[in-house]
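The chains referred to below are lettered A, B, ... by the order of the sequence lines, with proteins before strands, and numbering in each begins at 1. Below, all heavy atoms of this structure are taken into account, side chains as well, without hydrogens, waters or symmetry copies.
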Number of protein chains: 2
Amino acid sequence: MTTKHTTGTLSRERLVKAAQDLHWKHGVAATTPRQVLERSGVGQGSLYHHFPTKRDLSLAAVTRTVEEMLESARSTLLASSTPPQRIREYLSHPRDAVAGCRVGRLTADAAVMSDSELQNLIADYFVELIAIVTDVFAEDGMDRTKAQQRATAAIATVQGGYVISRALGDPQPMADAINGMLELLEQKSST
Amino acid sequence: MTTKHTTGTLSRERLVKAAQDLHWKHGVAATTPRQVLERSGVGQGSLYHHFPTKRDLSLAAVTRTVEEMLESARSTLLASSTPPQRIREYLSHPRDAVAGCRVGRLTADAAVMSDSELQNLIADYFVELIAIVTDVFAEDGMDRTKAQQRATAAIATVQGGYVISRALGDPQPMADAINGMLELLEQKSST
DNA sequence: GTCTATAAGAGGATAGAC
DNA sequence: GTCTATCCTCTTATAGAC
């Protein structure tokens, strides 16, 4: 990869960051170039210099968001504690439940779902996240099929917690869902 | 409630049904009056006669959708079988996972979340659904707090299953999440 | 690289005839 | 109650000067 010949392009960074924030609040389709300009403080021409179309900016911002979210998940799930502890820490990780998941909410976004490249980004996010969590369960001796089902259920609980908490405008459902799942995972089994 | 003086107003029905379908596919904000007109075969003036604003139509369509979804849930969860059987039947109910939940997906819809009346509709849906499922768990002798956490976790698994299946464009994650949750719920506990 | 001005088109709503 | 024609605004993108 060749280094950019300019001095870092601060405008580009500001544009991507502004787009990420607006995507989280309003979604990709509902984020307008004007909002990005206002929030970033960058001028009209600069936006279209760095990103010829709205889609180019969306692609850059969503790519960045997925990278950040995966890095956060890895820092918890690849820690040095025991597998059950890492699962517990992942599930009880502090979340702004009412704001929703930055990636998960994009599955209801027309601009993302109608563009295969954008959709692939969020597909890869969940494929990778499921793989990481599955490995943690499997590490504990569970067979791979069961580990994957349990991992998917755990991640679904978090995603569903976001959905319900957003619907109610209340973080409690997320807390309930996580506690319900933790209780199920940690009960003594006689199987 | 007074009966409408006209002969049933077929146009109105067609408009609501068309809006419901379009909301499921594209969301509320992304559904335009023009799309509703094309899909329903109704003329421009008729739409604005029955629904003065787009919001009025959205309100009617979302209200109808929530009613239909709750009725479907009740028919499974208030059946005559045992509580564990009803939970199993609710979770393994056939779903178009890739299409997403007609209600849950609206939590990422700007038109819904920016309008308190519309948001209340989807909040009430989940409050009611959680209450119904909680009752089923409690009926089985579980204490109310634990029953509510388990109910919320179960519903979150379904909602999260939708999110992940949509992201991947594949019904398998929903199946995995449901199977993972069923396995956890039905394991023999020694607590 | 950045700016201002502006054009092409879609979305939401209204007017007024029938 | 329903229709066609029309209006205003916002979004997206381009043009061309600096």
**Report entry** Interatomic distance, A/Leu37 CG vs D/dC10 P [rounded to whole Å]
**Finding:** 16 Å

Review item, side-chain donor-acceptor pairs of residues 154-164 of chain B, under 3.5 Å, at least two apart:
from, atom 1, to, atom 2, distance (Å)
B/Thr157, OG1, B/Ala153, O, 2.7

Which atom pairs, donor and acceptor, lie under 3.5 Å between side-chain atoms of residues 23-30 of chain B and protein residues at least two apart or in another chain?
from, atom 1, to, atom 2, distance (Å)
B/Trp24, NE1, B/Gly100, O, 3.0

Query raised in the report: With a 4.0 Å cut-off, would you call B/Asp109 and B/Arg105 a salt bridge?
Result: no

Query raised in the report: Atom CZ in A/Phe51, atom OG in A/Ser46: separation rounded to 0.5 Å?
Result: 11.0 Å

Query raised in the report: How would nucleotides 7-18 of chain C be written as a contact map, 5' to 3', with B for base contact, S for sugar-phosphate-only contact and - for no contact, using protein heavy atoms under 4.0 Å?
Result: ---SBBBB----

Report summary line: In whole angstroms, the gap separating C1' of C/dT4 from NE2 of A/His49 amounts to 17 Å

**Report entry** From CA spacing to verdict: side-chain hydrogen bond (donor to acceptor under 3.5 Å, both in side chains), B/Asn179, B/Glu183
**Finding:** CA-CA 6 Å; B/Asn179 285 329; B/Glu183 195 270 333; over 6 Å; no

Anything under 3.5 Å between a donor and an acceptor, one on a side chain of residues 111-118 of chain B, the other on a protein residue two or more places apart or in another chain? List them.
from, atom 1, to, atom 2, distance (Å)
B/Ser114, OG, B/Ala110, O, 2.8
B/Asp115, OD1, B/Arg55, NH2, 3.4
B/Asp115, OD1, B/Glu117, N, 3.0
B/Asp115, OD1, B/Leu118, N, 3.1
B/Asp115, OD2, B/Arg55, NE, 2.3
B/Glu117, OE1, B/Arg55, NH2, 2.7

Query raised in the report: Could you give the CZ-to-C1' distance, from B/Arg12 to D/dT2, as a whole number of Å?
Result: 16 Å

Query raised in the report: Counting only non-hydrogen atoms, which of residues 15-27 of chain A are less than 4.0 Å from DNA chain D?
Result: none

Query raised in the report: Looking at B/Ser11, does any N or O in its side chain come under 4.0 Å of the phosphate oxygens OP1/OP2 on D/dG1?
Result: no

Considering only distance and modelled atom types, tabulate donor-acceptor pairs under 3.5 Å from the side chains of residues 83-90 of chain B, sequence neighbours left out.
from, atom 1, to, atom 2, distance (Å)
B/Gln85, OE1, B/Thr82, N, 3.1
B/Gln85, OE1, B/Thr82, OG1, 3.2
B/Arg86, NE, B/Ser81, O, 2.9
B/Arg86, NH1, B/Leu77, O, 3.2
B/Arg86, NH1, B/Glu139, OE1, 3.3
B/Arg86, NH2, B/Ser81, O, 3.3
B/Arg86, NH2, B/Glu139, OE1, 3.4
B/Arg86, NH2, B/Glu139, OE2, 2.9
B/Arg88, NE, B/Glu186, OE2, 2.9
B/Arg88, NH2, B/Glu186, OE1, 2.8
B/Arg88, NH2, B/Glu186, OE2, 3.4

Query raised in the report: B/Thr107 side chain to A/Ala167 main-chain N or O, any donor-acceptor pair under 3.5 Å?
Result: no

